[in-house]
Amino acid sequence: SMLSPPKSGLKISDMTVDNTSTIAMNILSFRTLSAGRFAITTVPLLFAVFANTSAARSPTRQSLPTVPLRSGKSFHASSQRELYLHSSRGGAAKDDHCEGGTASITSSVFNLVNNVAGAGILTLSAGMAKGTGLVPALAICAVLGVVSSHTFTIIGESCAMLGENDFKGLWSKTISEKSNYIVDSIIAVMCLACLVIYSGILGDVFTPLLASAGVPDSMNSRTKNIIGLTVSVLFPLSSLKDLSALSFTSVLGFMSILYTIIFLCVRALDGSYNAMTGKFVIDNVIAKPSFLKQSVWNVDFTSLVLASNLGLAYIAHYNAPTFYRELKDVNSQRFSKMVKISFAILTSLYVLSMMSGYNTFGDICEGNILLNYHPGDILSTFGRVATGTSILFGFPLVAVGAREGLAGVATAFGMNAIAEENNRFALVALILAVVTYISCTVKDVSFVVGVTGAVMGSLIVYIIPAIIYSNAVKISKGQDSDEYKTARYNNILVPFGTLIAALGVFMTVKETS
């Protein structure tokens with residue numbers, strides 16, 4: 001075992017349920033103040049979309065834990081967030097209501113939003129800047145939010161129907177027990193991709209910070225800073241056996257995201273980046289905003305870049321079983337209500353960050369929107385510090401997810417030595433070497449976000465939940481049941497996800513090359 005044997009039910013922060021994959025995720029004329037105000041007033045409308053959206057699903061009971069990586073142990077590491085360890089296994093009775101856990105709907109909503117919202121918000125403005133108009137951009141955010149909310153709910157309900165406690169158990173029951181290693185592979189790939197994104201963002205945010213502090217250019221570059229941080233901070237922290245000391249990153253990460261969104265909105269409305277008169281533009285230190293591509297209705301293949309970024313931003317589906325289990329007086333209706341509220345808030349946050357960034361810089365939005373802001377802008381400096389610090393201490397949690405996922409795959413293929421404790425440092429070193437090489441080579445984090453969101457987002461958010469749920473209903477209710485006939489409509493998400501993945505990768509590569 002690479003971690004100390006976990007005690008059953010141990011949580012390293014109150015009622016936190018985290019997310020291996022979110023480690024981490026991405027109108028008309030915005031140039032006037034009135035347009036910015038109009039954009040912000042559209043946010044409450046998104047709540048109505050979710051409040052009136054219902055999906056066909058059968059009522060089920062609670063699930064038990066978590067996201068297992070190797071036999072007898074489960075692991076969660078959120079995008080910059082908490083560590084959750086749980087070793088209990090077991091089944092659940094198949095009824096519509098149970099006592100559930102102790103989390104209220106309010107606390108569950110906070111935890112879910114806290115665990116999903118992450119550094120992906122920094123890429124959404126760039127996704128829109130590729131050429132998507134106001135209405136299509138809002139529609140893409142809302143529609144993908146609704147679909148993600150639905151698939152999150154049906155994963156939790158599938159666990160309840162089958163009495164399974166985690167994603168691997170669902171996979172075994174509904175797809176194939178012999179291919180369980182695929183779950184570990186998915187977790188490993190997601191974590192590795194998130195590590196690349198985090199490493200790149202660290203280089204992006206610390207380079208201008210060090211320049212402002214007077215560090216000479218000869219000693220201050222993105223590549224040098226990534227390598228330096230990896231060797232001096234990330235490797236030692238990622239090699240720790242006990243990560244409980246990093247549980248504070250839950251609040252730190254959430255406050256960082258909240259501050260960043262507020263700061264983006266303020267700068268979108270105060271005119272300080274106006275192309276003609278903005279105080280941060282007239283000295284020509286940064287590129288001037290441009291709005292040549294802005295439109296109300298334009299939608300084309302470039303819109304798939306935004307869809308791909310959002311595919312990663314909405315991932316939380318490994319944790320659906322745990323959220324279901326934690327909810328007090330849980331039943332299908334309460335769980336669905338909690339999920340809809342959570343994803344409505346997430347969608348609103350994403351819309352605010354996307355539109356605020358585009359309102360400020362238009363077509364020149366960088367893959368990491370923080371790179372657009374003037375180095376002398378104190379609000380952006382605080383944003384870089386908050387984001388960098390949050391990622392710096394959240395990085396090791398995701399690194400453990402990658403390490404455990406790779407160890408699980410290796411064990412499944414008989415390479416047990418890789419999973420042994422005495423090889424922990426070597427495996428961490430290998431992971432960080434690969435991550436550092438990629439993040440130094442790929443200068444634009446939005447490329448990694450787009451490709452990962454297109455492939456893994458489509459797989460985890462659309463394709464796998466649809467297959468698992470329809471098969472779960474078939475097993476639980478019978479092939480000839482009305483519930484199964486209704487559940488099969490979810491399978492439309494399989495070709496939808498496949499199409500989004502293929503076209504999303506193609507357009508991301510095309511637009512960022």
Under 3.5 Å, is there a donor on one side chain and an acceptor on the other for E157 and S332? yes

Between K168 and D184, does any side-chain N to carboxylate O distance fall below 4.0 Å?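 Looking at D184 together with K168, the answer is yes, because their closest N to O distance falls below 4.0 Å.
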
To check you understand the geometry: which heavy-atom pair defines the closest contact between [X] and [Y], and what is its length?
| X | Y | value |
| --- | --- | --- |
| V505 | V451 | CG2-O, 4.3 Å |
| P465 | T151 | CB-CB, 3.8 Å |
| G367 | V445 | O-CG2, 4.1 Å |
| A316 | L112 | CB-CD1, 4.1 Å |
| V116 | I315 | CG1-O, 4.0 Å |
| A275 | P289 | CB-O, 3.8 Å |

Residue of the set T302, T508, L306 for which side chain to side chain contact (heavy atoms under 4.5 Å, CB included) holds with K130: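 Result for side chain to side chain contact (heavy atoms under 4.5 Å, CB included) with K130: T302.
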
Less than 4.5 Å apart, side chain to side chain, heavy atoms only: is that true for [X] and [Y]?
| X | Y | value |
| --- | --- | --- |
| Y373 | F361 | yes |
| V434 | L192 | no |
| H150 | N490 | yes |
| F263 | L370 | yes |
| I369 | T260 | no |
| K337 | I105 | yes |
| L310 | C141 | yes |
| F395 | L237 | no |

Residues two or more places apart in sequence or in another chain: which of them pass ring-ring contact (aromatic ring centres under 6.0 Å, His included) with F496?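 Scan of F496 (ring-ring contact (aromatic ring centres under 6.0 Å, His included), adjacent residues dropped) gives Y462.
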
Counting distance only, does the side-chain N/O of [X] pair as donor-acceptor with the main-chain N or O of [Y] below 3.5 Å?
| X | Y | answer |
| --- | --- | --- |
| Y469 | I155 | no |
| N111 | S107 | yes |
| H317 | S148 | yes |
| S199 | L195 | no |
| T452 | V449 | no |
| N298 | G131 | yes |
| R334 | K328 | yes |
| S149 | G145 | no |

Donor-acceptor list for residues 203-210 side chains, cut-off 3.5 Å, not counting sequence neighbours:
from: D204; atom 1: OD1; to: R222; atom 2: NE; distance (Å): 2.8
from: D204; atom 1: OD2; to: N368; atom 2: ND2; distance (Å): 3.4
from: T207; atom 1: OG1; to: G203; atom 2: O; distance (Å): 2.6
from: T207; atom 1: OG1; to: N225; atom 2: ND2; distance (Å): 3.0

What orientation do Y314 and Y350 show, parallel under 30°, tilted 30 to 60°, or perpendicular over 60°?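 The rings of Y314 and Y350 stand perpendicular, inter-plane angle above 60°.
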
Rounded to the nearest 0.5 Å, what separation is found between the [atom1] atom of [X] and the [atom2] atom of [Y]?
| X | Y | atom1 | atom2 | value |
| --- | --- | --- | --- | --- |
| L202 | S390 | CG | OG | 9.5 Å |
| S238 | L432 | OG | CG | 5.0 Å |
| S356 | I261 | OG | CD1 | 8.5 Å |
| M338 | S108 | CE | OG | 5.0 Å |
| S439 | L229 | OG | CG | 10.5 Å |
| L264 | S125 | CG | OG | 6.5 Å |

Check against side-chain contact (heavy atoms from CB on, under 4.5 Å), N274 and V281: CA-CA 7 Å; N274 181 279; V281 177; over 6 Å; no

Going through the checks in order, is the side-chain contact (heavy atoms from CB on, under 4.5 Å) test met by V339 and V109? CA-CA 7 Å; V339 173; V109 167; over 6 Å; no

Evaluation steps, side-chain contact (heavy atoms from CB on, under 4.5 Å), between D166 and C159: CA-CA 7 Å; D166 49 47; C159 274; over 6 Å; no

Would you give me the side-chain donor-acceptor pairs under 3.5 Å for residues 374-381, sequence neighbours excluded?
from: H374; atom 1: ND1; to: G376; atom 2: N; distance (Å): 2.7
from: H374; atom 1: NE2; to: D283; atom 2: OD2; distance (Å): 2.7
from: D377; atom 1: OD1; to: R267; atom 2: NE; distance (Å): 3.3
from: D377; atom 1: OD1; to: R267; atom 2: NH2; distance (Å): 2.7
from: D377; atom 1: OD1; to: L379; atom 2: N; distance (Å): 3.1
from: D377; atom 1: OD2; to: R267; atom 2: NE; distance (Å): 2.9
from: D377; atom 1: OD2; to: Y273; atom 2: OH; distance (Å): 2.7
from: S380; atom 1: OG; to: H374; atom 2: O; distance (Å): 3.3
from: S380; atom 1: OG; to: D377; atom 2: O; distance (Å): 2.8
from: S380; atom 1: OG; to: R384; atom 2: NH1; distance (Å): 3.2
from: T381; atom 1: OG1; to: D377; atom 2: O; distance (Å): 3.1

Counting only heavy atoms not in I492, do more than 12 sit closer than 6.0 Å to its CD1 atom? no

Would F323 and F335 count as a side-chain contact (heavy atoms from CB on, under 4.5 Å) here? Give the steps. CA-CA 8 Å; F323 276 101; F335 184 67; 4.0 Å; yes

